[in-house]
Amino acid sequence: MKIGSIFVPVSDLDHSAEWFESHLGLKRIGEWEGGIGYALPGGSSQLALVRTKTRQGTEFLLDEKEQHVFYNLLVPDVRALHLKLSTRAVVTTPVKEENGMKYFDFFDLDGNTFSVVEENPDSPFHPDNVKS
């Protein structure tokens, strides 16, 4: 079993599509009424933008104050992506290092949060160490 698609709620489908293609270099693989699908580089999972009438968000509450994303994007070089996004005026959090991983968040045009992670090769969560 694998993750097939991640669905992201957006208010303006065309504007968001342009943003994701420009900033993340995603390849459009399909469209349907109210949605656009993309292949994520380096894997079989997909990302889909879905037009919604109201903001939905991509986070849940751990407690009254702390939010957590539903998913993260695994990349080989967090700092390179952070530099690319921040120099393009994408809102990002600083890169942090903890528990053998580097990570940061960035925000799309609707304020959706995307967590980006680079796993340490010794981590049990690194793709090379995960056994199914």
Side-chain angles (χ1 to χ4, degrees):
M1 190 178 303
K2 299 184 211 180
I3 299 294
S5 295
I6 297 168
F7 296 92
V8 178
V10 298
S11 58
D12 184 325
L13 188 59
D14 293 330
H15 197 204
S16 291
E18 181 182 304
W19 189 91
F20 276 83
E21 291 167 17
S22 169
H23 293 349
L24 297 180
L26 297 184
K27 178 185 173 196
R28 190 181 297 210
I29 58 172
E31 297 181 43
W32 63 93
E33 181 64 34
I36 299 173
Y38 294 94
L40 290 176
S44 62
S45 297
Q46 301 165 18
L47 184 139
L49 303 178
V50 180
R51 182 178 35 243
T52 59
K53 291 183 180 181
T54 59
R55 186 182 188 302
Q56 306 291 318
T58 54
E59 296 178 300
F60 60 93
L61 290 174
L62 291 176
D63 56 37
E64 294 80 31
K65 297 179 184 176
E66 187 177 1
Q67 293 188 316
H68 197 284
V69 294
F70 285 103
Y71 51 84
N72 58 35
L73 302 172
L74 188 60
V75 298
D77 188 343
V78 156
R79 293 191 189 284
L81 181 58
H82 186 269
L83 179 62
K84 175 182 176 181
L85 294 176
S86 59
T87 58
R88 293 179 174 205
V90 173
V91 177
T92 63
T93 63
V95 173
K96 295 180 183 175
E97 293 188 45
E98 135 182 9
N99 298 324
M101 66 178 170
K102 298 175 189 138
Y103 61 95
F104 74 95
D105 293 342
F106 71 89
F107 304 89
D108 73 2
L109 297 172
D110 286 283
N112 292 316
T113 306
F114 293 84
S115 177
V116 181
V117 175
E118 176 187 340
E119 288 288 350
N120 181 311
D122 296 330
S123 165
F125 299 104
H126 189 279
D128 291 342
N129 300 329
V130 175
K131 309 284 188 258
S132 51

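Applying the salt bridge (charged side-chain N to carboxylate O under 4.0 Å, His left out) test to pairs two or more places apart or on separate chains, none has a residue in residues 38-47. For residues 23-50, the ring-ring contact (aromatic ring centres under 6.0 Å, His included) pairs, not counting sequence neighbours, are W19-H23. Among pairs with a residue in residues 4-15, those fulfilling side chain to side chain donor-acceptor pair (under 3.5 Å) read S11-D110, at least two apart in sequence or across chains.
One distance of note links CG of L24 with CG of L81; it measures 7.0 Å at 0.5 Å rounding.
Residues meeting the side chain to side chain contact (heavy atoms under 4.5 Å, CB included) test with E18, sequence neighbours left out: none. For R51, the salt bridge (charged side-chain N to carboxylate O under 4.0 Å, His left out) partners are E33, not counting sequence neighbours. Listed by chain and residue number, R28 satisfy the salt bridge (charged side-chain N to carboxylate O under 4.0 Å, His left out) test with E21 (two or more places apart in sequence, or in another chain). S86 pairs by the side chain to side chain contact (heavy atoms under 4.5 Å, CB included) definition with H82, T92, not counting sequence neighbours. When the side chain to side chain contact (heavy atoms under 4.5 Å, CB included) test is applied to K96, the partners found at least two apart in sequence or on another chain are Y103. Residues forming a side chain to side chain donor-acceptor pair (under 3.5 Å) with T113 (at least two apart in sequence, or on another chain): E59. For L62, the side chain to side chain contact (heavy atoms under 4.5 Å, CB included) criterion is met by F60, E66, H68, not counting sequence neighbours. In this structure, the salt bridge (charged side-chain N to carboxylate O under 4.0 Å, His left out) partners of R79, at least two apart in sequence or on a different chain, are E97.
Contact record, V10 with S16: CB-OG, 3.5 Å, taken as the closest heavy-atom pair. Considering every non-hydrogen atom in both A39 and L26, the closest pair reads O-CD2, 4.1 Å. L13 approaches G35 most closely through the heavy-atom pair CD2-N, 3.6 Å. For the residue pair I36 and A17, the shortest heavy atom distance occurs at CD1-CB, 3.6 Å.
Between F114 and F20, the distance from one ring center to the other falls under 6.0 angstrom.
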Discussion item. What verdict does the side chain to side chain contact (heavy atoms under 4.5 Å, CB included) test give for L47 and F7, after you've listed the backbone C-alpha separation in whole Å, the side-chain angles of each residue and the deciding distance to 0.1 Å?
Written reply: CA-CA 6 Å; L47 184 139; F7 296 92; over 6 Å; no
Worksheet item: Could you go step by step and tell me if F104 and L85 meet the side chain to side chain contact (heavy atoms under 4.5 Å, CB included) rule?
Response: CA-CA 11 Å; F104 74 95; L85 294 176; 4.1 Å; yes
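Under a hydrophobic clustering in which Ile, Leu, Val, Met, Phe, Trp and Tyr are joined whenever their side-chain heavy atoms come within less than 4.5 Å, directly or via other members, V91 and L73 fall into different clusters. Taking hydrophobic clusters as Ile, Leu, Val, Met, Phe, Trp and Tyr residues chained together by side-chain heavy-atom distances below 4.5 Å, L109 shares a cluster with I6.
Distance alone, capped at 3.5 Å, is enough to place a donor-acceptor pair between the N112 side chain and the P9 backbone. A donor-acceptor distance shorter than 3.5 angstrom exists from the side chain of S45 to the backbone of I3, with no hydrogens or angles considered. In this structure, E118 contributes its side chain and V75 its backbone to no donor-acceptor pair below 3.5 Å. Side chain of E119 to backbone of V117: no donor-acceptor contact under 3.5 angstrom is found.
Under a 4.5 Å side-chain heavy-atom criterion applied to ILVMFWY residues, the cluster that includes L83 comprises that residue alone.
Counting only heavy atoms from C-beta outward, the side chains of D108 and V8 approach each other to under 4.5 Å.
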